[in-house]
Protein chains: 2
Amino acid sequence: MSKHENSRCENCIIRQMNSFKALKKEELKQMADHKETKVIKKGEIIFSEGERLGGVFCVRNGISKLSKMSDNGRDQIVKLATKGEVLGHRSVISSEATNLSATALEDMEVCFIPKTHIEEPLQTNPVFTNAVLKHMAQELKFADDVIVNMAQKTVRQRLAEVLMYLEDNFGVDDEGYLYLQLSRADVADVVGTATELLIRTLTKFKKEDLVSTSGKRIKIEDKKALYNIVEGI
Amino acid sequence: MSKHENSRCENCIIRQMNSFKALKKEELKQMADHKETKVIKKGEIIFSEGERLGGVFCVRNGISKLSKMSDNGRDQIVKLATKGEVLGHRSVISSEATNLSATALEDMEVCFIPKTHIEEPLQTNPVFTNAVLKHMAQELKFADDVIVNMAQKTVRQRLAEVLMYLEDNFGVDDEGYLYLQLSRADVADVVGTATELLIRTLTKFKKEDLVSTSGKRIKIEDKKALYNIVEGI
DNA sequence: CGAGGTATTGATGCCGGTCAAGCGTTGTGG
DNA sequence: CCACAACGCTTGACCGGCATCAATACCTCG
């Protein structure tokens with residue numbers, strides 16, 4: 001694949017997956033002229049809570065976590081963002097410091113896009129603005145659902161839900177194991193519990209033949225049963 | 001105050017408090033010609049989760065709760081909305097059924113605005129669209145913070161936070177009691193716990209002289225101490 | 001092959017959910 | 001105006017859920 005093809009936003013396939021598809025050719029050209037492609041290694045921080053961002057990050061490859069440190073010192077993962085998602089758009093839109101930190105869970109390739117090239121189309125291209133607006137409405141709905149789950153469901157229910165989420169959104173490898181290999185601590189930070197309890201709950205699932213593991217890898221064996229757990233049946 | 005003055009959106013003071021201030025005179029006139037003012041009694045439901053809304057509700061007076069029923073049968077209050085807030089905008093923007101139910105906590109006066117008069121300016125008035133977008137970005141940030149709190153903080157911490165939120169956002173009466181008199185069950189649904197535990201935690205606060213009560217009314221006595229509790233100190 | 005990180009298991013005690021009963025308070029009809 | 005019903009508030013008792021500390025296996029990378 002030629003370098004040229006990848007390096008121009010106009011030709012970037014990623015664009016088909018997010019609000020950028022509503023941008024005009026001219027706007028994309030501007031963007032391509034000023035973007036900066038970055039390679040980020042697993043574990044590296046893309047930005048930290050409280051930072052002021054000069055632009056947004058468009059994920060071209062790899063998976064990242066968006067998390068926030070609670071006052072009590074534990075991290076909560078609020079979202080997992082992968083290929084096609086844009087990081088930092090919320091802070092750029094509201095001209096504020098970021099509320100969340102972003103960290104690479106795998107080696108990543110991201111494009112940094114200076115905020116001018118977001119702000120300007122927001123003023124002049126209503127199709128783009130509406131696309132962003134709809135996307136944010138979806139995120140808000142999702143966030144409300146998470147609030148209800150966190151407040152009302154048990155760790156067992158939340159873990160069942162997270163496992164299915166991981167399968168549905170990131171897929172499985174050829175042996176049926178979840179493609180995304182999070183550490184136990186990261187899964188615990190998504191579920192919102194301590195690592196030890198997470199492991200215990202996972203062990204219970206294994207004993208009930210709902211999941212199986214191989215090293216850190218996890219495979220869902222009985223999705224319907226997991227679904228029933230989420231529903232509280 | 002003349003009926004005429006109140007009944008025209010162009011003259012409505014409420015408008016100064018939300019994104020509608022970005023609308024043009026002509027758009028407001030259209031809106032005023034088609035809106036419908038409704039009086040809603042305490043306890044009545046404005047709309048229910050899963051309903052398809054034909055428009056949005058602009059709160060002119062009174063306070064409402066936005067809640068969602070969890071699978072396990074308990075209600076979670078996600079937001080309290082008062083004068084100047086718009087209900088249902090998320091579902092109208094994403095053309096979906098509502099994700100939350102809205103219920104009046106006091107007698108209310110709301111204006112129902114058919115969605116056409118929201119959708120059209122969203123296409124043609126970028127100032128309005130951007131105002132809505134910024135507002136939604138704020139809501140999303142707030143939601144993320146709530147997720148972290150729900151997942152990581154104790155009932156004691158969350159109650160302390162909710163009490164301060166109630167004081168900061170809805171004020172106190174002339175005796176210093178919280179203006180908004182929620183039932184214990186409603187407070188529990190905001191905090192995300194059972195009514196009994198909520199009452200026990202509140203009782204502890206009383207014994208520690210952090211709050212006092214008179215009937216269902218609650219007064220904060222030592223805000224700084226509550227703040228320390230939230231921070232986990 | 002050590003060394004440091006990660007996964008797992010045990011033990012312990014507090015936190016929080018639930019059932020049940022008692023105590024106002026309000027409101028409604030006789 | 002009282003009686004009683006209905007509802008919300010409060011407290012007790014109980015127990016399972018969850019956090020925390022500690023110790024042990026595992027694993028992976030220099």
Side-chain angles (χ1 to χ4, degrees), chain A residues 41-43 70-76 103 105 107 148-162 177-178 180-208 211-219 229-230 232, chain B residues 41-43 65 70-76 103 105 148-160 162 177-178 180-208 211-219 229 232:
Chain A
K41 287 236 180 293
K42 177 176 176 173
S70 170
D71 295 319
N72 68 8
R74 278 229 312 267
D75 231 27
Q76 177 65 36
T103 312
L105 293 173
D107 290 353
V148 176
N149 286 341
M150 287 297 178
Q152 302 285 1
K153 293 195 173 172
T154 63
V155 167
R156 180 178 166 85
Q157 288 175 301
R158 269 142 53 197
L159 174 56
E161 188 151 27
V162 166
Y177 289 93
L178 296 181
L180 181 56
Q181 292 176 33
L182 294 171
S183 71
R184 298 293 188 251
D186 276 335
V187 179
D189 285 350
V190 176
V191 172
T193 189
T195 311
E196 298 92 325
L197 180 56
L198 175 104
I199 291 173
R200 279 184 242 278
T201 311
L202 198 56
T203 307
K204 275 188 203 163
F205 281 176
K206 274 159 60 178
K207 285 197 181 133
E208 300 169 28
V211 306
S212 59
T213 59
S214 157
K216 74 187 293 191
R217 297 190 305 160
I218 300 173
K219 191 204 295 196
I229 288 175
V230 172
Chain B
K41 288 236 178 295
K42 176 175 176 173
K65 65 174 176 185
S70 170
D71 295 318
N72 67 9
R74 278 229 312 267
D75 231 27
Q76 176 66 37
T103 312
L105 293 174
V148 176
N149 286 343
M150 288 297 177
Q152 301 286 0
K153 292 195 173 171
T154 64
V155 167
R156 179 179 167 85
Q157 287 175 301
R158 269 142 53 196
L159 174 56
V162 166
Y177 288 93
L178 296 182
L180 181 56
Q181 291 175 33
L182 294 173
S183 71
R184 298 293 189 250
D186 275 337
V187 179
D189 285 350
V190 177
V191 173
T193 188
T195 310
E196 298 93 325
L197 180 54
L198 175 103
I199 292 174
R200 281 183 180 77
T201 312
L202 198 56
T203 307
K204 274 188 204 165
F205 281 177
K206 274 159 61 178
K207 288 198 179 131
E208 299 170 29
V211 307
S212 59
T213 60
S214 157
K216 74 187 292 192
R217 298 190 304 159
I218 301 173
K219 192 203 295 197
I229 288 175

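Just so it is clear, the model here is predicted, and its values are computed rather than measured. Naming convention: chains lettered A, B, ... in sequence-line order (proteins, then strands); numbering from 1 in each chain.
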Would you mind reading off the distance between [X] atom [atom1] and [N] atom [atom2], rounded to a whole angstrom?
X: B/Lys153; N: C/dC15; atom1: NZ; atom2: P; result: 17 Å
X: A/Phe205; N: C/dT8; atom1: CZ; atom2: P; result: 15 Å
X: A/Leu182; N: C/dG5; atom1: CG; atom2: P; result: 20 Å
X: B/Asn72; N: C/dT18; atom1: CG; atom2: C1'; result: 13 Å
X: B/Leu159; N: C/dG17; atom1: CG; atom2: C1'; result: 17 Å
X: A/Gln181; N: C/dT6; atom1: CD; atom2: C1'; result: 14 Å
X: A/Arg217; N: D/dC27; atom1: CZ; atom2: P; result: 13 Å
X: A/Arg184; N: C/dT9; atom1: CZ; atom2: P; result: 10 Å

To the closest 0.5 Å, what do you measure between [atom1] ([X]) and [atom2] ([Y])?
X: A/Asp189; Y: A/Ser183; atom1: CG; atom2: OG; answer: 7.5 Å
X: A/Leu159; Y: A/Ile199; atom1: CG; atom2: CD1; answer: 11.0 Å
X: A/Ile229; Y: A/Thr154; atom1: CD1; atom2: OG1; answer: 8.5 Å
X: B/Thr201; Y: B/Arg158; atom1: OG1; atom2: CZ; answer: 10.0 Å

| N or O in side chain of B/Thr203 less than 4.0 angstrom from D/dT10 OP1/OP2 | no

| task | Find which nucleotide of DNA chain C each of A/Ala151 and A/Leu202 is nearest to by heavy atoms, and output the residue with the more 5' nucleotide. | result | A/Leu202

| Stepwise side-chain contact (heavy atoms from CB on, under 4.5 Å) check, B/Leu198 with B/Val155 | CA-CA 8 Å; B/Leu198 175 103; B/Val155 167; 6.0 Å; no

| request: Tell me which residues in residues 186-197 of chain A put a heavy atom below 4.0 Å from DNA chain C, sorted by number, or none. | output: A/Glu196

| task | Please confirm whether any donor atom in the side chain of B/Arg200 sits under 3.5 Å from an acceptor in the base of C/dG17, or the reverse. | result | no

| task | For the pair B/Gln152 (side chain) and A/Asp75 (backbone), establish whether a donor and an acceptor sit closer than 3.5 Å, ignoring hydrogens and angles. | result | yes

| Flag, side chain of A/Arg184 to backbone of A/Lys216, donor-acceptor distance under 3.5 Å | yes

| said: Mind checking if A/Arg74 touches a base, just sugar-phosphate, or nothing, with heavy atoms under 4.0 Å? | reply: sugar-phosphate

| task | Compare the minimum distances between each of D/dC18, C/dA7, D/dC9 and the side chain of A/Val155, then state the nucleotide with the smallest one. | result | D/dC18

